[in-house]
2 protein chains.
Amino acid sequence: MKEVRLLAKKAKMSDVAKLAGVGTMTVSRVLNGSAPVNEATKTRVYQAIKKLNYQPNPIARSLRQAKSNSIGIIVPNFYDPFFSTCAHAISLVAKQHQYSVSVSTSDEDANIEFTEANLMVLNHVEGLAVIPAAIGKSCFDRPEFHSTHIVTLDRPIRGHRFNSVLVENQQGAIEAVKHLIDHGHKRICCLGLSDKLYTIRARHEGYKKAMLQFNLTPDQYFGAVTEEATRILIQKAMSGRKKPTAFFVSNNFVMRHALHAFSKLNIRIPDDVALIGFDDLEMADIFVPAITVVRQPSHELGRVAAELLFARLEHKEVSLSGQQIVMPVDLVIRQSCGCNRRDIAKPRAIHKNSASFS
Amino acid sequence: MKEVRLLAKKAKMSDVAKLAGVGTMTVSRVLNGSAPVNEATKTRVYQAIKKLNYQPNPIARSLRQAKSNSIGIIVPNFYDPFFSTCAHAISLVAKQHQYSVSVSTSDEDANIEFTEANLMVLNHVEGLAVIPAAIGKSCFDRPEFHSTHIVTLDRPIRGHRFNSVLVENQQGAIEAVKHLIDHGHKRICCLGLSDKLYTIRARHEGYKKAMLQFNLTPDQYFGAVTEEATRILIQKAMSGRKKPTAFFVSNNFVMRHALHAFSKLNIRIPDDVALIGFDDLEMADIFVPAITVVRQPSHELGRVAAELLFARLEHKEVSLSGQQIVMPVDLVIRQSCGCNRRDIAKPRAIHKNSASFS
DNA sequence: TTGAAAGCGCTAACAT
DNA sequence: ATGTTAGCGCTTTCAA
C-alpha cells in the first residue's frame with residue numbers, strides 16, 4: 001500500500017549546462033539574451049532545456065538581480081466593479097509587457113495599503129499601480145519606496161514623485177447638475193459617501209459650482225455609508241420645508257444604497273424626484289427607470305495608468321513625474337433624470353387592469 | 001539643482017548581527033523562534049532590528065527554505081461578483097493565518113490557468129485555491145504540482161489529490177423549478193451559458209429531474225454567452241407553438257443578459273413569464289420586479305475552501321484528499337417568480353391618474 | 001546557547 | 001564566444 005512517488009527533482013541550470021556540455025553562464029546567456037552565443041551551442045542548450053523540462057527559478061533570479069519582472073496592483077477592494085475593472089485593465093497591460101502581477105486589496109485602509117505595498121517591494125516588484133486608500137494617509141514617500149516606480153489612479157496622492165491618472169470628476173458633476181437644472185429643477189440635493197475621499201470631494205465641488213452659478217442653494221450630505229444611513233439622509237432631506245426635487249448621487253456605491261432607500265420610502269423616480277449618479281452601474285440601463293449617470297472610462301483609466309508605469313519602467317523617464325492625466329467622462333442620459341419618459345410599465349399596467357375588468 | 005538622495009541602504013541580517021554583537025544565526029533564530037535564544041541577547045537583537053529598521057528579505061528566505069508563507073488564488077475573473085467574493089473570503093482567511101496571497105485570473109482558459117499556477121509554484125506558494133477554468137482541461141495532475149496542496153471551489157476537478165468545496169447546484173435548481181411548478185407553470189424553459197461548465201450542467205440536471213418528476217417536458221438552451229445570443233434564444237423559445245410561461249436562468253451572468261433581453265423584447269415579468277435565477281444579483285431586491293433567486297453562500301464557499309487548504313498545509317492531512325464538501329443554497333423568494341405581487345408601482349399609477357382626474 | 005561554514009539557484013564581473 | 005569566481009541574503013548543518 002506504500003505509494004511510490006518518483007518525483008523527478010526539478011532540473012536546475014547546472015543540470016542543463018552539464019547535459020549541453022557548456023557552462024552555466026552560457027545557459028544563462030541563452031535564456032536572457034544577455035550576450036551573443038554560438039548558434040550551434042544555443043541549439044544544444046535549448047535541447048537540454050527541453051529534455052530536462054527546465055524552468056528557471058524566478059526566486060533565485062530575483063535574489064540575484066534585485067528585480068522580479070513583476071508589478072504590484074493595490075486597489076481598495078474587488079467588490080466595486082469600478083476597482084475590479086481597473087485592476088483587470090492593468091493586468092492586461094502587464095501581460096502584454098511580459099510582466100507578472102501581484103494584486104492586493106487595502107480595504108481602504110492606508111495601514112493595510114502600506115503593509116501590502118511594503119511586502120510587494122520586499123518581493124522586488126519593479127513598480128506599483130495603486131488606487132490609494134481613502135482612510136488614513138498613503139505613505140509612499142517613505143524610504144521603503146524610494147526606488148519603486150509608483151503610479152496612482154482614480155485618486156492622486158501628494159508628492160512630486162508620482163504620476164496620477166484621474167477622471168474629470170468636477171466637470172462630470174457640473175454636467176450632471178446642469179442637466180438637472182435644464183429639467184427645471186431648483187432644489188437639487190447631493191448625496192455622498194465621505195468628504196475625505198478625493199473623488200467624492202471633487203464631484204461635490206462640481207455640484208456646488210454648478211448650483212452657485214445658477215444662483216441655487218447647494219444642499220449636500222455626506223456619510224451615506226450604509227443603506228440605512230442613506231435612507232436616513234434622504235428622509236432628512238425630504239422632510240425639510242423645501243424638499244429637493246432631484247438628487248445627484250456622487251458614486252455608484254451610494255447609488256445602490258439610494259435606490260434601495262427610494263424603493264423602501266416609496267419615492268418614485270423620476271416622478272417624485274429626478275436622479276443622476278456618478279459612475280455607471282451594470283444594470284443601470286434596464287433598471288426601471290433606467291438610471292442616468294456620468295460614466296467613467298474605468299478600463300481606460302487602468303490601461304493608461306499601466307502604460308504610464310511601463311513607460312517609466314522602461315525609459316526610466318522619472319523626469320515626467322508629478323504629472324496628472326485627466327480623462328474625460330460622459331453623461332449617459334437615460335430615464336431617471338426625467339428624459340425619455342416612455343413609461344413602458346404604466347400604460348401596460350392600465351391595460352392589464354382594464355383587461356381584468358372585462 | 002542636483003538632488004542628493006541619501007538612500008540609506010537596506011539593512012541585512014549581518015548588519016543586525018554586527019550591531020547586536022552576535023552571529024547571523026542568532027538573529028535568524030530570534031526571528032524564527034527556530035531555537036532557544038538567551039533573553040538578554042534576544043533583547044539586544046530586537047533593539048538592533050529596530051534601530052536599523054531591518055526587514056528580512058522574503059526572497060532570500062524563499063530561496064533557502066523552498067517555501068514562501070504564501071498561497072495562490074486563481075479565479076476566472078474579477079468581474080463576476082461571485083468570483084471576487086470568493087477571492088476576498090480566501091484572502092481574509094490567509095491573512096488570519098499570516099500568509100500572504102498571490103491572486104491571478106485565468107479568464108476561464110485552462111492554459112492561462114496552468115501558466116499562472118505554474119508561475120506561482122515556481123514562486124514557491126505552499127498551496128493553491130482555484131476555481132478551475134471552464135474552457136479546456138485544468139491540469140493540476142502535472143508533476144509541476146505534485147508537491148503543492150490544491151483545493152478547488154465552485155467547480156471540482158478530477159483527481160483524488162484534490163479537495164473541492166461546492167454548492168448544491170442540482171438541489172437548488174430542483175427547488176427553483178418546483179417553486180415555478182407550484183405556481184402552476186408547466187412550460188418552463190431553462191437558459192444556460194455552456195454545457196461545458198460543471199455548475200451549469202449540474203443545475204440543468206436538477207432542472208431536468210424536477211421537470212421529469214412532474215411529467216413535464218424539459219426545454220433547455222445553452223449558449224447564452226452574450227446579450228444578443230440570449231435574446232435570440234429567448235425569441236426562439238417564445239416563438240414555438242408552446243411558449244414557455246416561466247424561465248429558469250442558471251447563472252447570474254446569463255440573468256443579466258436575460259433581463260436586458262426581456263426588457264428589449266417587451267416581455268413583462270412576471271406577467272408574461274415568471275423568472276427565477278441561480279446566484280444572487282446585487283440589486284435583485286430593488287429590481288422591478290425583484291428577482292427571485294437561488295442564493296449561493298459565496299463568501300462561505302471561499303472561507304471553507306481556504307480553511308480546508310490551511311488544514312492541509314498545517315496538519316499535512318493529505319489523507320483526507322479527494323473529499324468534496326457541499327454547501328447548501330437557499331431559495332430567496334421575491335417577485336419575479338410571481339410571489340409577493342405587491343406591485344407598488346401600479347396602485348400609485350392609478351392613484352396618480354385618478355388624482356389628475358380630480 | 002551560540003557561531004562558522006556551506007549552499008539554495010542564479011547572474012555580474014572578470015577572465016580567457 | 002565561453003568559462004570561472006564570487007556573492008545576492010538567508011538558513012541548514014555541523015561544531016563548539
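In what follows, every chain begins at residue 1, and chains take the letters A, B, ... in the order their sequences are listed.
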Exercise. Please report, rounded to the nearest Å, how far the C1' atom of D/dT12 is from the NZ atom of B/Lys67.
Key: 14 Å

Self-check item: Axial cation check for A/Phe114 ring with A/Arg142, 6.0 Å and 45° limits
Solution: yes

Quiz item: Does B/Glu108 pair with B/Arg155 as a salt bridge, N-O distance under 4.0 Å?
Solution: yes

Quiz item: Does the side chain of B/Thr152 pick up a donor-acceptor pair with the side chain of B/Ser164 at under 3.5 Å?
Solution: yes

Quiz item: Which of these nucleotides, C/dT1, D/dC10, D/dT11, is closest to any side-chain atom of B/Tyr54?
Solution: D/dC10

Practice problem: Please figure out whether B/Gly23 or A/Pro56 has its closest DNA chain C nucleotide nearer the 5' end. | Solution: B/Gly23

Quiz item: Is any side-chain N or O of A/Thr24 closer than 4.0 Å to OP1 or OP2 of C/dC10?
Solution: no

Quiz item: Among the nucleotides C/dT2, D/dG7, D/dG3, which one has an atom lying closest to any side-chain atom of B/Thr41?
Solution: C/dT2

Exercise. Would you kindly give the CG-to-C1' distance between B/Leu31 and C/dT2, to the nearest whole Å?
Key: 16 Å

Self-check item: Nucleotide nearest A/Leu63 when distance is taken to its side chain, options D/dC8, C/dC10, C/dG3
Solution: D/dC8

Practice problem: For B/Arg61 and D/dT12, give me the distance from atom CZ to atom C1', rounded to whole Å. | Solution: 14 Å

Quiz item: How about B/His88 and A/Phe78: are their ring centroids closer than 6.0 Å?
Solution: no

Quiz item: In whole Å, what is the span from the NZ atom of A/Lys12 to the P atom of C/dG7?
Solution: 10 Å

Quiz item: Starting at CG of B/Asn57 and ending at P of C/dC8, how long is that distance when rounded to a whole Å?
Solution: 18 Å

Quiz item: In whole angstrom, what separates B/Leu122's CG from C/dC8's P?
Solution: 18 Å

Practice problem: Would you indicate which nucleotide in D/dG9, D/dG3, C/dT2 comes nearest to any side-chain atom of A/Arg29? | Solution: D/dG3

Quiz item: Counting side-chain heavy atoms from CB outward, which of C/dT2, D/dC10, C/dT11 is closest to A/Met25?
Solution: C/dT11

Quiz item: Between D/dG9, C/dT11, C/dT1, which one does the side chain of B/Ala60 approach most closely?
Solution: D/dG9

Self-check item: Gap between atoms CG and P, on B/Asn69 and D/dT11 respectively (whole Å)
Solution: 12 Å

Quiz item: For the pair made of NZ in B/Lys18 and P in C/dA4, what is the distance, rounded to whole Å?
Solution: 13 Å

Quiz item: Can you find a side chain N or O atom of A/Arg64 that sits less than 4.0 Å from OP1 or OP2 on C/dA12?
Solution: no

Quiz item: Charged N to carboxylate O under 4.0 angstrom, A/Lys137 versus A/Glu113?
Solution: no

Practice problem: Look at the side chain of B/Val22 and decide which nucleotide, out of D/dT2, C/dG3, D/dT4, has an atom nearest to it. | Solution: C/dG3

Quiz item: Does the side chain of B/Gln65 get closer than 4.0 angstrom to OP1 or OP2 of D/dT12 through an N or O atom?
Solution: yes

Self-check item: Under-4.0 Å side-chain N/O to phosphate OP1/OP2 contact, A/Ser28 with C/dT11
Solution: yes

